[in-house]
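Report on one structure; see the data block that follows.
So that the names make sense, note that chain A is the first sequence line, chain B the second, and so on, each numbered from 1.
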There are 2 protein chains.
Amino acid sequence: MLDQVDQSILRHLVENARMSIKEIAQQVGLSSPSISDRIRRLEERGIIRGYTLDIDPKALGFPLQAIVHIRPLPGKLHAVQQLIEELAAFGECDKVTGDDCYFARLYIRSIEELDTILNKIVEKAETRTSIVKSQPVLRRPPPF
Amino acid sequence: MLDQVDQSILRHLVENARMSIKEIAQQVGLSSPSISDRIRRLEERGIIRGYTLDIDPKALGFPLQAIVHIRPLPGKLHAVQQLIEELAAFGECDKVTGDDCYFARLYIRSIEELDTILNKIVEKAETRTSIVKSQPVLRRPPPF
DNA sequence: AAGTTTACCTTATAATATCAGGTATTTTCT
DNA sequence: AGAAAATACCTGATATTATAAGGTAAACTT
């Protein structure tokens with residue numbers, strides 16, 4: 001499915017999505033046009049979904065993160081999901097099997113702010129919150 | 001802290017980290033060297049941590065994801081964390097307050113594979129697993 | 001009020017990407 | 001089996017983009 005060259009290209013781009021095609025070409029031992037072609041094909045195949053920034057929340061004034069388990073009250077499921085999508089403090093949300101419908105990541109400026117944000121959904125859902133103490137594994141792609 | 005121009009630059013790069021400096025310059029109405037300078041400063045300030053790929057796990061053969069809550073058995077905390085870091089199927093892991101020490105994201109090829117992977121930590125920790133049904137909010141940066 | 005810093009500009013040069021055209025190898029079809 | 005087509009690569013020319021150098025105006029500092 002992915003040959004060695006494609007894997008190498010992906011690895012380089014995961015490391016640094018702005019690496020020049022020329023440099024990738026040199027690293028993997030092919031010409032620039034070949035690398036361009038392969039990247040285009042990886043995009044067309046939907047393997048590369050896009051190129052994005054890794055922004056440090058701390059540097060933006062959000063030194064804390066919390067993981068919130070959210071169980072919407074009867075009839076409130078849709079409203080709760082919409083709130084999560086709209087509140088920019090939610091940096092990630094998965095809808096999962098089980099009683100706790102949603103697991104969401106919250107960027108917060110302080111412990112006090114946690115309350116401010118959760119108050120916005122407290123009438124529509126039960127929540128359980130855990131504060132992130134460290135991140136042993138930062139977002140990384142699946143193995144290939 | 002971040003003026004309008006910096007914010008606009010970040011927004012463009014979050015959208016497409018490979019966008020050319022020239023195009024960003026045109027969009028925000030400054031010259032290329034000015035944009036280069038500002039990006040360099042955003043990097044130096046640690047706001048831009050890096051540029052990375054958004055890879056679609058489905059396209060790589062991982063149609064399923066699970067969120068696993070992991071509570072290491074007494075004395076096993078360190079061993080468990082090391083396992084999570086080493087197993088590439090774990091795409092993300094937060095160490096949090098509360099009894100469930102770790103919340104981790106697992107990329108899986110099939111439901112059967114879930115068992116295979118969890119067997120590797122079953123002697124060292126209690127786990128509770130939820131299957132991801134949808135992702136209402138994909139990873140996004142904190143508000144700015 | 002003079003000096004310094006900052007954030008920008010323009011222009012020239014250097015680096016990079018893309019395009020066009022060609023070749024060898026493998027796959028597909030008759 | 002052999003012809004045709006497709007694939008994956010190459011090189012070299014051209015177009016695009018990035019960077020470096022040098023300069024200006026405004027704002028802050030002493």
Side-chain angles (χ1 to χ4, degrees), chain A residues 1-63 88 109 140-144, chain B residues 1-63 88 109 140-144:
Chain A
M1 194 169 184
L2 284 184
D3 67 14
Q4 292 298 111
V5 173
D6 284 335
Q7 290 178 30
S8 178
I9 291 171
L10 289 181
R11 264 184 263 280
H12 281 103
L13 288 175
V14 164
E15 239 354 87
N16 174 16
R18 281 185 80 79
M19 182 177 280
S20 73
I21 299 220
K22 196 188 182 195
E23 194 178 342
I24 300 171
Q26 288 165 346
Q27 301 267 338
V28 312
L30 290 182
S31 70
S32 299
S34 294
I35 300 299
S36 278
D37 258 29
R38 277 176 177 267
I39 290 176
R40 189 182 37 71
R41 263 174 276 142
L42 288 166
E43 289 166 354
E44 285 168 1
R45 290 161 71 186
I47 291 167
I48 294 179
R49 201 152 50 181
Y51 307 87
T52 190
L53 268 194
D54 180 10
I55 291 182
D56 184 359
K58 276 200 199 72
L60 279 184
F62 296 88
R109 296 178 197 276
R140 64 185 178 195
F144 53 82
Chain B
M1 196 169 183
L2 285 184
D3 67 14
Q4 291 299 110
V5 173
D6 284 335
Q7 290 178 30
S8 179
I9 291 171
L10 289 181
R11 265 184 262 280
H12 282 102
L13 288 176
V14 165
E15 233 3 79
N16 173 15
R18 280 186 80 79
M19 182 177 281
S20 73
I21 293 199
K22 196 190 181 194
E23 193 179 341
I24 299 171
Q26 287 165 346
Q27 302 266 340
V28 312
L30 290 182
S31 69
S32 299
S34 294
I35 301 299
S36 277
D37 257 29
R38 277 175 177 268
I39 291 177
R40 189 182 37 72
R41 261 175 277 140
L42 287 166
E43 290 167 352
E44 285 169 359
R45 291 161 71 187
I47 291 166
I48 294 179
R49 201 149 50 178
Y51 307 89
T52 190
L53 268 194
D54 180 11
I55 291 182
D56 184 0
K58 276 201 199 71
L60 279 186
F62 295 87
R109 295 177 198 276
R140 65 186 177 194
F144 53 81

Closer than 4.0 Å, any side-chain N/O of [X] to the OP1 or OP2 of [N]?
X: Arg41(A); N: dT7(D); answer: no
X: Ser34(A); N: dA8(D); answer: no
X: Arg40(B); N: dT19(D); answer: no
X: Ser32(B); N: dA18(D); answer: no
X: Ser31(B); N: dC9(C); answer: yes

Arg40(A)/Glu44(A) under salt bridge (charged side-chain N to carboxylate O under 4.0 Å, His left out): CA gap, chis, key distance, verdict:
CA-CA 6 Å; Arg40(A) 189 182 37 71; Glu44(A) 285 168 1; 3.0 Å; yes
From [options], nucleotide with atom closest to [X] side chain:
X: Lys22(B); options: dA18(D), dC10(D), dC9(C); result: dA18(D)
X: Ser20(B); options: dT10(C), dT17(D), dT18(C); result: dT17(D)
X: Arg38(B); options: dT16(C), dC10(D), dC8(C); result: dC8(C)

Report yes if some heavy atom in the side chain of Arg45(A) is under 4.5 Å from a heavy atom in the side chain of Asp6(A); otherwise report no.
yes
Would you say that Leu13(A) contacts Leu42(A) through its side chain, given a criterion of any heavy-atom pair below 4.5 Å between the two side chains?
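No, their side chains stay 4.5 Å or more apart.
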Write down the distance between [atom1] ([X]) and [atom2] ([N]), rounded to a whole number of angstrom.
X: Leu30(A); N: dT16(C); atom1: CG; atom2: P; result: 18 Å
X: Ile35(A); N: dA17(C); atom1: CD1; atom2: C1'; result: 13 Å
X: Ile21(A); N: dC10(D); atom1: CD1; atom2: P; result: 14 Å
X: Asp37(B); N: dC8(C); atom1: CG; atom2: C1'; result: 9 Å
X: Gln4(B); N: dA7(C); atom1: CD; atom2: P; result: 16 Å
X: Ile39(A); N: dC9(D); atom1: CD1; atom2: P; result: 12 Å
X: Gln26(A); N: dA17(C); atom1: CD; atom2: C1'; result: 13 Å
X: Ile24(A); N: dT16(C); atom1: CD1; atom2: P; result: 12 Å

Has Glu15(A) got more than 12 heavy atoms of other residues, nucleotides or ligands less than 6.0 Å from its CD?
no
I want to confirm an ordering. Mapping Val5(B) and Arg18(B) to their closest nucleotides on DNA chain C, which one lands closer to the 5' end?
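So the residue in question is Val5(B).
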Which atom of Met19(B) lies closest to which atom of Arg18(A), heavy atoms considered
O-NH1, 2.9 Å
